[in-house]
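Everything on this sheet refers to the single structure shown next.
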Amino acid sequence: MIRMRAAWILPVLAAAIAPRAALAQTAPAAGATPHEHQSLLDRPHTVLDLDAGIIALPNAAISTSNRGGSTPFGTFGNGDATVLTGVHILYRATRDWAFGAGALFAPRPTSDSNFGGGIGGVAITHSRSYLTMGAEARYFPLRSRWLEGWFGLTAGGVIISDRYTETNAPQVPPILGTGSTTASTEGFGVGFQIGGDYLMTDNWVIGLTLRADRWFLPSQQAEASSCTNTGFCSTLNGSVAAFELGLSIGYRIPL
């Protein structure tokens, strides 16, 4: 009889003790803090940023009759201004520093239909586009779980394209040429940038960026040899100031 009772008592005791033993193993020790979610900023990662904004050259109008440029928000100053797009790829090894490269492009340059007359009195429309490519570094002195503030430096190449289009030229077969010609100028640029980011999630981030650049282009005398066959030349020479303001959306990829 004793053996029969022991046979069913032992399984009951084992079933009652097992949950308590498992709970003791999983419960945190006294005074220990629960594990916190590790931010992506605590791990090395890369960031892909897409920008959209405005570029303004306050002292470089495309002509005397067209000042302030053309943007969805109106004109800016007495120079040129237009829409700007860009992409940046950054490697962030620590919470404080990020290094990478970027490119900025003006896809819809300001157009001036009153630029003047070409050979034989043909009306000319002039537009000027901008392309910058180079390296950049960013330092993040202000950080929280969801917000960051940073500043940095940029350096790289600059390409300016002045396009001249004959608006009322006689139509000819394409094999004989087109009514457009482009004068290109290449130079070097350095700049300072400052911005702020808001981390929507660990991976997605939106930000605001302000950049101030100084472009160093060939002098007017050195650029004269690159004028087009029709006598049109680049309209930017020497030292030029440029400012960019843009919104960005980025995606962070952990390594």
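Values below: every heavy atom of this structure, side chains too, minus hydrogens, waters and symmetry copies.
- Side chains of R92 and H45: a donor-acceptor N/O pair is absent below 3.5 angstrom, by distance only.
- Formation of a donor-acceptor pair under 3.5 Å by the T132 side chain with backbone atoms of V158 is not found in this model.
- Under a 3.5 Å cut-off, the side chain of Y198 and the backbone N or O of E148 do not form any donor-acceptor pair.
- Side chains of H126 and R163 form no contact here, defined as non-hydrogen atoms less than 4.5 Å apart.
- A donor-acceptor pair under 3.5 Å is absent between the side-chain atoms of N203 and the main chain of Y251, judged by distance alone.
- Rounding to the nearest 0.5 angstrom, the gap separating the CG atom in N66 from the OG atom in S111 is 8.0 Å.
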For this session: Go through the steps for S234 and T185 under the test side-chain hydrogen bond (donor to acceptor under 3.5 Å, both in side chains), then give the verdict.
Result: CA-CA 7 Å; S234 172; T185 303; 2.7 Å; yes

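- In the hydrophobic cluster analysis, where Ile, Leu, Val, Met, Phe, Trp and Tyr join through side-chain heavy atoms closer than 4.5 angstrom, I253 is grouped together with L48.
- T110 meets the side-chain hydrogen bond (donor to acceptor under 3.5 Å, both in side chains) test with D80; sequence neighbours excluded.
- Other members of the cluster containing F192 are W97, F99, Y139, F151, L153, I194, L208, L210, L245, L247, with ILVMFWY side chains joined at under 4.5 Å, either directly or via other members.
- Considering every non-hydrogen atom in both A60 and L236, the closest pair reads CB-CD2, 3.4 Å.
- Rounding to the nearest 0.5 angstrom, the gap separating the CZ atom in R128 from the OG atom in S161 is 11.0 Å.
- Atom CD1 of I62 and atom OG of S129 lie 11.0 Å apart (nearest 0.5 Å).
- Hydrophobic clustering, with ILVMFWY side chains joined whenever heavy atoms are under 4.5 angstrom apart, keeps L199 apart from V47.
- Tested against H88, the residues T154, D51, D49 include a single side chain to side chain donor-acceptor pair (under 3.5 Å) partner, D51.
- One distance of note links CZ of R252 with CH2 of W204; it measures 12.0 Å at 0.5 Å rounding.
- Residue A93 comes nearest to P44 through the heavy atom pair O-CG, 3.9 Å, listed as atom of the first residue, atom of the second, then distance.
- In this structure, OG1 on T46 lies 9.0 Å from CG on L90, to the nearest 0.5 angstrom.
- Counting all heavy atoms, side chain and backbone alike, L57 lies closest to W215 at CD2-CZ3, 3.8 Å.
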For this session: I would like to know whether D202 and R145 meet salt bridge (charged side-chain N to carboxylate O under 4.0 Å, His left out); could you show each step before the answer?
Result: CA-CA 10 Å; D202 264 357; R145 181 64 182 89; 3.4 Å; yes

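- What you find for P72 and I54 is that their closest heavy atoms are CD-CD1, 4.3 Å.
- Residues V190 and A155 come closest through the heavy atom pair CG1-CB, 4.2 Å.
- L50 and V205 fall within a single hydrophobic cluster, where Ile, Leu, Val, Met, Phe, Trp and Tyr side chains are chained together by heavy-atom contacts under 4.5 Å.
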Problem set entry | side-chain contact (heavy atoms from CB on, under 4.5 Å) evaluation trace for I206 with D197 | CA-CA 6 Å; I206 58 175; D197 296 331; over 6 Å; no

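- Minimum heavy-atom separation, F216 to S239: CE2-OG, 4.3 Å.
- Y164 is not listed as a side-chain neighbour of T182, based on a closest heavy-atom distance of 4.5 Å or more.
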For this session: Show your reasoning for whether side-chain hydrogen bond (donor to acceptor under 3.5 Å, both in side chains) applies to T82 and R108.
Result: CA-CA 7 Å; T82 187; R108 198 185 68 178; 5.3 Å; no

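- Distance check: D162 CG to C233 SG gives 9.5 Å after rounding to the nearest 0.5 Å.
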Problem set entry | From CA spacing to verdict: side-chain contact (heavy atoms from CB on, under 4.5 Å), Q193, W150 | CA-CA 8 Å; Q193 56 182 351; W150 56 269; 3.6 Å; yes

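- Ion pairing of D96 with R138 is absent here, as no side-chain N (NZ or NE/NH1/NH2) approaches a carboxylate O to less than 4.0 Å.
- Transitive grouping of hydrophobic side chains (ILVMFWY, heavy atoms separated by less than 4.5 Å) brings L217 and Y130 into a common cluster.
- A search for side-chain hydrogen bond (donor to acceptor under 3.5 Å, both in side chains) contacts involving T75 returns nothing, not counting sequence neighbours.
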For this session: Take M133 and L104 through the test side-chain contact (heavy atoms from CB on, under 4.5 Å) and record every step on the way to the result.
Result: CA-CA 7 Å; M133 296 179 291; L104 299 173; over 6 Å; no

